Every structure is written in structure tokens, then in C-alpha cells.
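Keep in mind that this is a model prediction, so the values were computed, not measured. Atoms within a ligand are numbered from 1 in the order they appear, just like the ligands themselves.
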Amino acid sequence: MAKEIKTIGVLTSGGDAPGMNAAIRAVVRVAIARGIKVKGIKKGYQGLLNEEIVELEAKDVSDMIQRGGTILGTARCLEFKTVEGQEKGAEVCRKHGIDGIVVIGGDGSYRGAQALSRQGINTIGLPGTIDLDIACTEYTIGFDTAVNTAMEAIDKVKDTSSSHERCSIVEVMGRNAGYIALWCGIANGAEDILLPEKYDFDEQKIINNIIDRRRKGKTHHIIINAEGIGHSTSMARRIEAATGIETRATILGHMQRGGNPSAKDRFTASIMGAKAVDTLLAGETNKVIGLQHGEFVAIDIEEALAMTKGIDEYEIEVAKLLSV
Ligand code: ADP
Ligand code: F6P
């Protein structure tokens, strides 16, 4: 028989992402509307182990849907990767009367959720990461805001790059995934896009491309380089030496993780947060909420973690066709 849920906890874990606050707000307000108490767990699994737990009322999450970051704070917690840490986490939940938890984070955080579920605490994951690298879902909370932040920054780099007739390498985040790079590459009309999924380490091709386009009269050359490839500064030095064209590297870094979430992130986080609560209340555990074929669904964590996804070949081809 499904365990009766009276109190749920919510935590954010791993790297923060714009829209996490909107997800927390949705969890709190939907749970309260359903007659359930909510406890906010600060600083991810670390805060759970340290019992940094506060009760959250509907008013505690007002005026926050538009804010970047996460009001609960987030952390990476090595101790939670151990069975002892996971047992302690479940014990803390029992002590605080927490029957179920919503974990907002990336797939590392899902493994923690899976562990808690094995310890008897009903757990549901929500995809919160700017990287879009969670295979079971077409969308992850934070991606849209991050990609727009990066796009606006790259537009600015392009202005000065054109004025000085330079080549500019702009490095975007994404860990080992190239989604932010591909989206910016297309949205910014970049001349080259370097994706970890496709990179062949043949720098000569990039150099030839720069020389060829300069001959054809292009004044700028924007290369979007994914963090998963990295080394933008040394790449810029080598490209300048080989082409004779002044080359600069800009690493956008953590600015991509901040800022007010876009409408898409606020909306998606709100629906996913609500769905997480309703999935818990339906007696489910060990699931993650994802967007599949445009529909919000609950997927088994084991299944979700076993899935893989790659960058769409057609999108890569279009990016190349557009960058003439
Ligand atoms: P993300 O959730 O963004 O992928 P991480 O991979 O850093 O970020 O994971 C966030 C946290 O999730 C880790 O610091 C750890 O506390 C927890 N976690 C990650 N992997 C595991 C695991 N295998 N077992 C238990 N907890 C884990
Ligand atoms: O997962 C989000 C992300 O911003 C990645 O794009 C990046 O590789 C990583 O986190 C950076 O982590 P940290 O904030 O710990 O430097």
C-alpha cells in the first residue's frame, strides 16, 4: 500500500540554474494547496545531513518566481555518495517527519534521489541544469535563460570583433555537452561551432576556414567553443600565429548561470514542480519529471539514467549551411 504523505521536503543540488526558484515556489504552493506541509532543505544533500531544514509557507516563496539562483542554496556533497551518508540522510528525513522529497538538479543529483528512495524516502527528481544534458527530457530548467544570456553577450563580442576585424573565440558552458554552443552558434550566426560531441582536434580546418572567409571579405569570424573542448586562450594564440589575424578569447563563465529566468524557464519550472508534488502524492517514488514529445511525464530514475542523447545531426548540418 502507498505510504501516506503528510510532509514533503524540497532541495536544490549540483549547479544552480535560473528557474530553480520558480520550481521551489511551485512545489511549496501546490503541496500546501493539496493539504501537505513543506520543508525546505538548504544547500542540497549537505544541508540534509547537517539538518539545515526550515518549514516553508506559501508566503515564504512570494516575490521569487523572477529571481535567478536558488533561495535554498545548493552544494555538492561527497558524503552523500557513501551508503553511510545516504542512511544518515534518510534518518534525518524520518526525524523531521519528511515522507517524500523533491530533488531539483542534474543527473548526479538524481543518483542521490535514487539512493534516498532505496532508503525508503519517496523521492522525485526535477531536471534543473543549464546544460540540457539530461537524456530523459527534452528540456531542463535553466537552459533557455542561459542560452539567451550567452547569445546577448556574444552579440556584443561580435560588434567589437567586426570593428577590429578580429577573430573571436567565445567559450560557453555546458560541461561535456554542446547544446548551449550549438544554440548560440545558430542564434548568433557564428562562423564555426566547436561541439564536444563532434570535435576532431583538427585545428587546421578552422584556420583554413578563417583564411578563406577573410579572403571572401568577411570582417569578423566568431567561433563558439564549448567548455567541454576548452583551451580557448591557447587556441586563440595558435590561430593568431597561423592566420596573422588578431584573435581574442572570451570565456563567458558563470554569468550564464545567473539572471532572471525567462518565461519558458518560469513556466516549465512551475508545471514540473507541480507535477513532482502530484506524482509524490500519487504514491510514486524513484521517478523524475521530464518533457517527452511535449508532455510532462514521470519516468523511472533507473530508466532515465540509462538513457543517452546526442546532438541532432540535422541541426549541426543546418548550422554549417547557415554559416557561409
Ligand atoms: P548535477 O546534479 O548538476 O549533475 P553533481 O553531479 O555534482 O551535479 O551531483 C550533485 C550532488 O548529487 C553530488 O554532490 C552528490 O551529493 C549527489 N550525488 C551525485 N552522484 C551521486 C551518487 N552516485 N550517489 C549519491 N549521491 C550522488
Ligand atoms: O552544470 C552546470 C555547469 O555550469 C556546467 O555548465 C559547468 O561545467 C559546471 O556547472 C561548472 O561548475 P562549477 O560552478 O562548480 O564551477
Let me have the donor-acceptor pairs involving side chains of residues 40-54, under 3.5 Å, with sequence neighbours excluded, atom names and distances please.
unit_1 : atom_1 : unit_2 : atom_2 : d
K43    : NZ     : E52    : OE1    : 3.1
Y45    : OH     : S109   : O      : 2.6
Y45    : OH     : A113   : N      : 3.0
N50    : ND2    : Q46    : O      : 3.4
E51    : OE1    : K95    : NZ     : 2.9
E51    : OE1    : H96    : NE2    : 2.9
E51    : OE2    : K95    : NZ     : 3.2

Any chance you could lay out the salt bridge (Lys or Arg N to Asp or Glu O under 4.0 Å) test for R111 and D107, step after step, and finish with the verdict? CA-CA 7 Å; R111 292 185 195 280; D107 50 12; 5.7 Å; no
The reported gap from OG in S323 to NE2 in H221 (rounded to nearest 0.5 angstrom) is 8.0 Å
Distance-only donor-acceptor pairs under 3.5 Å for side chains of residues 291-300, two or more places apart:
unit_1 : atom_1 : unit_2 : atom_2 : d
Q292   : NE2    : C136   : O      : 3.0
D300   : OD2    : E302   : N      : 3.4

Please list, by chain and number, the protein residues whose heavy atoms come under 4.0 Å of ligand 1. S13, G14, G15, Y45, R76, C77, F80, K81, Q86, G106, D107, G108, S109, R111, G112
Salt bridge or not for E91 and R94, using N-O below 4.0 Å? yes
Between K205 and D192 (salt bridge meaning N to carboxylate O under 4.0 Å), is one present in this structure? no
Verify the neighbour count for atom NZ of K6: are there more than 12 heavy atoms of other residues, nucleotides or ligands below 6.0 Å? no
If you count every heavy atom of other residues, nucleotides or ligands that lies below 6.0 Å from K198 atom NZ, does the total exceed 12? no
Check the side chains of T140 and T129 for a donor-acceptor pair under 3.5 angstrom, ignoring hydrogens and angles. no
Neighbouring residues of ligand 2, heavy-atom cut-off under 4.0 Å: R76, T129, I130, D131, M173, G174, R175, E227, H254, R257
